[in-house]
2 protein chains.
Amino acid sequence: MASRTRRPERRQEPLTRERIISAAVELLDTVGESGLTFRALAERLATGPGAIYWHVAGKTELLAAATDAVVTTTITGDDTDATPQEAIRALALGVFDAFDAHPWVGTYLARRPGQSPMLRVFERIGRRVQALRVPEAAQFTAASALMNYILGVAGQNAANLRTLQPGTDRTEFLDAVATAWTELDPDQYAFTRTVAGQLRKHDDRAEFLAGIDLILTGITARQ
Amino acid sequence: MASRTRRPERRQEPLTRERIISAAVELLDTVGESGLTFRALAERLATGPGAIYWHVAGKTELLAAATDAVVTTTITGDDTDATPQEAIRALALGVFDAFDAHPWVGTYLARRPGQSPMLRVFERIGRRVQALRVPEAAQFTAASALMNYILGVAGQNAANLRTLQPGTDRTEFLDAVATAWTELDPDQYAFTRTVAGQLRKHDDRAEFLAGIDLILTGITARQ
DNA sequence: ACCTGAACACCGTTCAAGT
DNA sequence: ACCTGAACACCGTTCAAGT
């Protein structure tokens, strides 16, 4: 039957900072960065846009909180049995996959340097670098290079994904690019043409890991 | 004396795509990403916002064109006398410094994967990788790792810079962060505390290069 | 203490009208 | 062909007024 009261049904649960942030993450994941507006968020939370401002200072803080929320759930758990190399690879893949699932995270994480989520990643990498018996004077550089690579490249990859149409077939797309590379000017793009074939069986995740391994080799080869 | 005509003085030179783009780059450099609006751009070009749309499809295309313009001027010139390692380092530093001067470039470059500006960087790196006598099957991965590192980490660095207040003293800032690191929980942040001291004499540019060298070592150590 | 929603000062973009 | 600028449909944010 029809509702018994005149007033439209409104929110039952109280509006909390937590609920706002998780709704923001959902909006970012489903409708993207341009879809996260205070009006859309308010509608989803069955309230007015002004109410959100009582719990969150503004859009910048909202995005920072959403980013922290995602990173925090990513960085939990640490396999202490693994070799340092394996542990670093696992951590790197964790970040990579998190950026894959939430392509907006990279953008905003970069705007919070030295903040707690990045610091936790840094600490974890650093411990593994120590376990690799890297001399103390070289530890900072080694850990920095790894973290910068991880955040930077995973962020690049996420940005690439965002530009692709959601429906595009991966293989088809790579084939098209590879073909385009083959048709480049042989003088200007000699190298690119040579490796065009390798692009067809290209795997972003594997390529990402291969880069990690190159840095790890570089770190250990120094000793 | 006063002007002889009634109509206010307007633009003399014709409005061209080129003038629009270079004005956009100027606005981005001086007032930042939020300062680039069609209204501000129109005022600077002494016209109305609608006029810009006759030459440029929209804001997305405008940003892409501005990005390409900056990258194109960065990538010119190539020292053929240098060793492969030196050439790659020089190229990397060129990108790093360009991102430093135009901190917005990284953001938008990442949104144009496989497009001409990035392809030119890739080609240059690839040629040096070949010069390093990397086996053909490993060339794609080596060049990708280097390019991803360069774009990713330089982009991270630029994003970091953007978050800093323009007036902040570099040394003071690093000192403050280092001190904060020293006060972290010893259990949770054992490694970070250990390297806090090294942060004081930290140099982003040098650290960036050190990462390049680690990858280069990794690439050549494989052979 | 917490919420509401109209109102303000902006945006990007369009388009009829001008030259 | 190219430009003008008012108008449209949005934003983030504020704030007087409510409970």
Side-chain angles (χ1 to χ4, degrees), chain A residues 3 5-28 30-67 104 107-108 111-112 162-163, chain B residues 3-28 30-67 104 107-108 111 162-163:
Chain A
S3 72
T5 59
R6 292 235 179 113
R7 294 176 40 219
E9 293 225 29
R10 292 246 113 205
R11 186 171 24 73
Q12 317 280 4
E13 306 154 78
L15 191 61
T16 61
R17 192 182 151 85
E18 221 173 49
R19 286 189 61 229
I20 292 170
I21 291 165
S22 79
V25 170
E26 254 186 72
L27 271 176
L28 285 164
T30 53
V31 268
E33 289 156 90
S34 64
L36 177 65
T37 68
F38 276 81
R39 282 166 181 77
L41 197 55
E43 196 182 3
R44 209 182 183 91
L45 294 165
T47 182
I52 297 165
Y53 281 87
W54 210 92
H55 301 273
V56 166
K59 193 157 192 184
T60 308
E61 196 194 294
L62 182 62
L63 285 164
T67 303
W104 46 273
T107 318
Y108 302 106
R111 296 190 194 162
R112 318 201 61 217
R162 261 178 299 168
T163 60
Chain B
S3 72
R4 255 170 258 187
T5 60
R6 290 236 178 112
R7 297 180 33 224
E9 292 225 30
R10 291 246 114 203
R11 186 172 23 74
Q12 317 280 5
E13 306 153 77
L15 191 60
T16 61
R17 192 182 151 84
E18 221 172 49
R19 286 189 61 231
I20 292 170
I21 291 166
S22 79
V25 170
E26 254 187 72
L27 272 177
L28 285 164
T30 52
V31 268
E33 289 155 273
S34 64
L36 177 66
T37 67
F38 277 80
R39 281 166 181 78
L41 196 55
E43 196 182 2
R44 209 181 182 91
L45 294 164
T47 180
I52 297 166
Y53 281 86
W54 210 92
H55 300 274
V56 166
K59 192 156 192 183
T60 307
E61 195 194 296
L62 181 62
L63 284 165
T67 303
W104 47 273
T107 318
Y108 302 105
R111 297 189 193 163
R162 260 178 298 166
T163 59

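Throughout, a chain's letter reflects where its sequence line sits, starting with A, and its residues are numbered from 1.
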CD (A:E33) with more than 12 external heavy atoms under 6.0 Å: yes

Which of residues 20-27 of chain A sit near DNA chain C, with a heavy atom under 4.0 Å from it? none

Any side-chain heavy atom of B:L63 sitting closer than 4.5 Å to one from B:L28? yes

Of the non-hydrogen atoms in [X] and [Y], which two are nearest, and what is the gap between them?
X: B:T37; Y: B:S34; answer: CG2-O, 3.9 Å
X: B:L45; Y: B:A23; answer: CD2-CB, 4.0 Å
X: B:A57; Y: B:E61; answer: CB-OE1, 2.9 Å

For B:P14, is there any backbone N or O sitting under 3.5 Å from a side-chain donor or acceptor partner on B:R19? yes

State whether the side chain of A:H55 and the backbone N or O of A:L15 hold a donor-acceptor pair below 3.5 Å, judged by distance alone. yes

Output the rounded distance in Å from [atom1] ([X]) to [atom2] ([N]).
X: A:I52; N: C:dC2; atom1: CD1; atom2: C1'; value: 14 Å
X: A:W54; N: C:dC3; atom1: CH2; atom2: P; value: 8 Å
X: B:R17; N: D:dC3; atom1: CZ; atom2: C1'; value: 18 Å

Partners of A:F38 by ring pair (Phe, Tyr, Trp, His ring centres under 6.0 Å), sequence neighbours excluded? A:Y53

Once you apply the 3.5 Å cut-off to both distances, tell me the Watson-Crick or G-U wobble partner of D:dC2, or none. C:dG18

Given that both distances must come in under 3.5 Å, which nucleotide forms a Watson-Crick or G-U wobble pair with C:dA7? D:dT13

When every nucleotide of nucleotides 6-19 of chain D is labelled 5' to 3' by its protein contacts under 4.0 Å (heavy atoms), B for base, S for sugar-phosphate only, - for none, what sequence of letters results? -B---BBBBB----

